[in-house]
Student: 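Just dropping this structure here.
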Protein chains: 2
Amino acid sequence: MPHDDPVPMLRQQGYRLTSQRRAVLRVVSSSERNLTAEEIFSEVVPTQPALDIATVYRTLQWLQTVGLVAALASSDGRMRYEYHPHGNEHHHLICQNCGRTLQVPSEAFATLRARLRQVYAFVLDEHLTLPGLCAECAAT
Amino acid sequence: MPHDDPVPMLRQQGYRLTSQRRAVLRVVSSSERNLTAEEIFSEVVPTQPALDIATVYRTLQWLQTVGLVAALASSDGRMRYEYHPHGNEHHHLICQNCGRTLQVPSEAFATLRARLRQVYAFVLDEHLTLPGLCAECAAT
DNA sequence: CTTCGTGCAAAAGCTTTGCAATGCG
DNA sequence: CGCATTGCAAAGCTTTTGCACGAAG
């Protein structure tokens with residue numbers, strides 16, 4: 001997993017890299033799961049007690065505008081935020097039972113992608129997160 | 001599109017078929033789009049001025065428990081409700097730009113499903129919602 | 001220094017819940 | 001008639017916004 005640090009690029013683009021922004025970016029980019037704003041907040045608070053949840057939301061919006069994060073509507077009605085590293089194309093399989101995630105290279109989706117584009121003129125996202133059951137949990 | 005009236009079945013199962021429940025069911029089952037609770041409410045109010053939005057929410061939860069309706073998280077953070085006539089398995093493509101949804105029969109996923117099970121021992125969910133761009137939004 | 005970002009507090013949705021009244025079966 | 005369901009009102013949650021202070025460049 002390549003670790004291009006996006007911080008230099010962001011600074012070069014004139015954005016202010018505050019400690020809050022760094023912390024949120026660090027949590028989002030290092031998490032396997034897609035986290036909610038509240039979860040991100042909880043992970044950062046211990047090191048930044050003054051942090052406000054509003055700042056987390058604003059930072060997440062900013063990260064979306066610069067293309068580093070995508071917001072996904074979770075089935076519980078909350079939003080979850082996913083890190084989109086540039087140049088590392090893969091999709092996720094997420095086990096609905098134990099939460100484990102698997103990475104699948106994009107090529108596995110080439111056929112489906114082509115078919116959906118042909119039949120529905122629908123262009124699939126580059127980053128998919130598909131629910132299901134992993135080996136162990138499906139066995140039970 | 002088959003039009004089995006689910007009302008007799010529901011009554012037979014001992015549920016009370018109030019005018020509010022009938023009205024919500026009628027709106028949900030006859031809509032092409034997946035509606036929000038507010039939209040359903042707006043369509044029913046003219047004929048039932050005393051109707052409360054809370055009743056719409058409670059009726060939608062009831063319809064989910066009896067398997068006639070599924071709740072989908074919309075990218076704007078609200079829930080949208082889809083009528084699920086029995087025996088019509090499909091997945092969803094949801095446009096990240098305009099929110100439009102497309103239905104794709106499950107068979108289109110058979111190959112991918114088989115491959116993920118073979119290679120990763122991962123069993124895909126029966127109901128997927130895939131993000132991407134629809135025809136119009138991809139064109140821009 | 002100047003401007004952008006933050007903390008705080010309050011507001012704005014969407015959805016749920018408690019309770020007495022209503023009406024379905 | 002009895003009890004599930006409703007209307008009403010209020011609360012709960014997630015997310016957004018206004019504003020003055022504070023810090024980054």
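The sequence lines fix the lettering, A, B, ..., with proteins before strands; numbering per chain opens at 1.
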Student: Counting any heavy atom closer than 4.0 Å, what does A:R11 reach on the DNA or RNA strands: base, sugar-phosphate only, or nothing?
Tutor: sugar-phosphate
Student: Using a 4.0 Å heavy-atom cut-off, does B:E38 contact any base of the nucleic acid, only the sugar-phosphate backbone, or nothing at all?
Tutor: nothing
Student: Could you give the CG-to-C1' distance, from B:L10 to D:dT5, as a whole number of Å?
Tutor: 15 Å
Student: What's the closest nucleotide to the B:T18 side chain, out of C:dT15, D:dT16, D:dT5?
Tutor: D:dT5
Student: Return yes if the base of C:dG5 and the side-chain atoms of A:R22 contain a donor-acceptor N/O pair under 3.5 Å, otherwise no.
Tutor: no
Student: Mark yes or no for whether A:R113, through its side chain, and A:V123, through its backbone, hold a donor-acceptor pair below 3.5 Å.
Tutor: no
Student: Determine: side-chain N/O of A:R78 to OP1/OP2 of D:dT14, distance under 4.0 Å, yes or no.
Tutor: yes
Student: Among C:dG5, C:dG18, D:dG18, which is the nearest nucleotide to the side chain of A:R58?
Tutor: D:dG18
Student: To the nearest angstrom, how far is A:F41 atom CZ from C:dC8 atom C1'?
Tutor: 12 Å
Student: The side chain of A:Y15 is closest to which nucleotide in this list: C:dG5, C:dC24, C:dT16?
Tutor: C:dG5
Student: Can you see if the side chain of B:Y57 gets near the phosphate of C:dT15 - specifically, an N or O under 4.0 Å from OP1 or OP2?
Tutor: yes
Student: Is a salt bridge present between B:R33 and B:E39, judged by a nitrogen-to-oxygen distance below 4.0 Å?
Tutor: yes
Student: Starting at the 5' end of DNA chain C, which residue's closest nucleotide do you reach first, A:P49 or B:M79?
Tutor: A:P49
Student: Looking at D:dT6, I'd like to know if its phosphate oxygens (OP1 or OP2) sit under 4.0 Å from a side-chain N or O belonging to B:T55.
Tutor: no
Student: Would one find a side-chain N or O of B:Q20 under 4.0 angstrom from OP1 or OP2 of C:dC24?
Tutor: no
Student: Base, sugar-phosphate or nothing for A:R21? Non-hydrogen atoms, less than 4.0 Å.
Tutor: sugar-phosphate
Student: What integer distance in Å separates A:L60:CG from D:dT15:C1'?
Tutor: 11 Å
Student: Hey, what do you get for NE2 (B:H91) to OG (B:S106), rounding to the nearest 0.5 Å?
Tutor: 4.0 Å
Student: How long is the line joining CG of B:L35 and C1' of C:dC14, in whole Å?
Tutor: 16 Å
Student: How about A:T59 and A:Q20: does a side-chain donor come under 3.5 Å of a side-chain acceptor?
Tutor: no
Student: Is A:Q61 near enough to D:dT16 that one of its side-chain N or O atoms lies under 4.0 angstrom from OP1 or OP2?
Tutor: yes
Student: Using whole Å, report how far CG of A:D76 lies from C1' of C:dC14.
Tutor: 13 Å
Student: Under 4.0 Å, counting only non-hydrogen atoms across every strand here, what does A:I53 touch: a base, just sugar-phosphate, or nothing?
Tutor: nothing
Student: Less than 3.5 Å between a donor and an acceptor, one on the side chain of A:R16 and one on the base of C:dT3, is that the case here?
Tutor: yes
Student: From CD of A:Q13 over to C1' of C:dC4, roughly how many Å is that when rounded to an integer?
Tutor: 16 Å
Student: State which of C:dC24, D:dG7, C:dG7 makes the closest approach to the side chain of B:D52.
Tutor: D:dG7
Student: Within the structure provided, determine whether A:N34 and A:L72 are in side-chain contact (heavy-atom separation under 4.5 Å).
Tutor: yes
Student: Whole angstrom is fine here: how far is it from CD in A:Q64 over to C1' in D:dT15?
Tutor: 12 Å
Student: Would you mind reading off the distance between A:L51 atom CG and C:dG5 atom P, rounded to a whole angstrom?
Tutor: 16 Å
Student: Please tell me whether A:E32 and A:H92 have a donor and an acceptor in their side chains that are separated by less than 3.5 angstrom.
Tutor: no
Student: Please compare A:W62 and B:A54 by the position of their nearest nucleotide in DNA chain C and report the one closer to 5'.
Tutor: A:W62
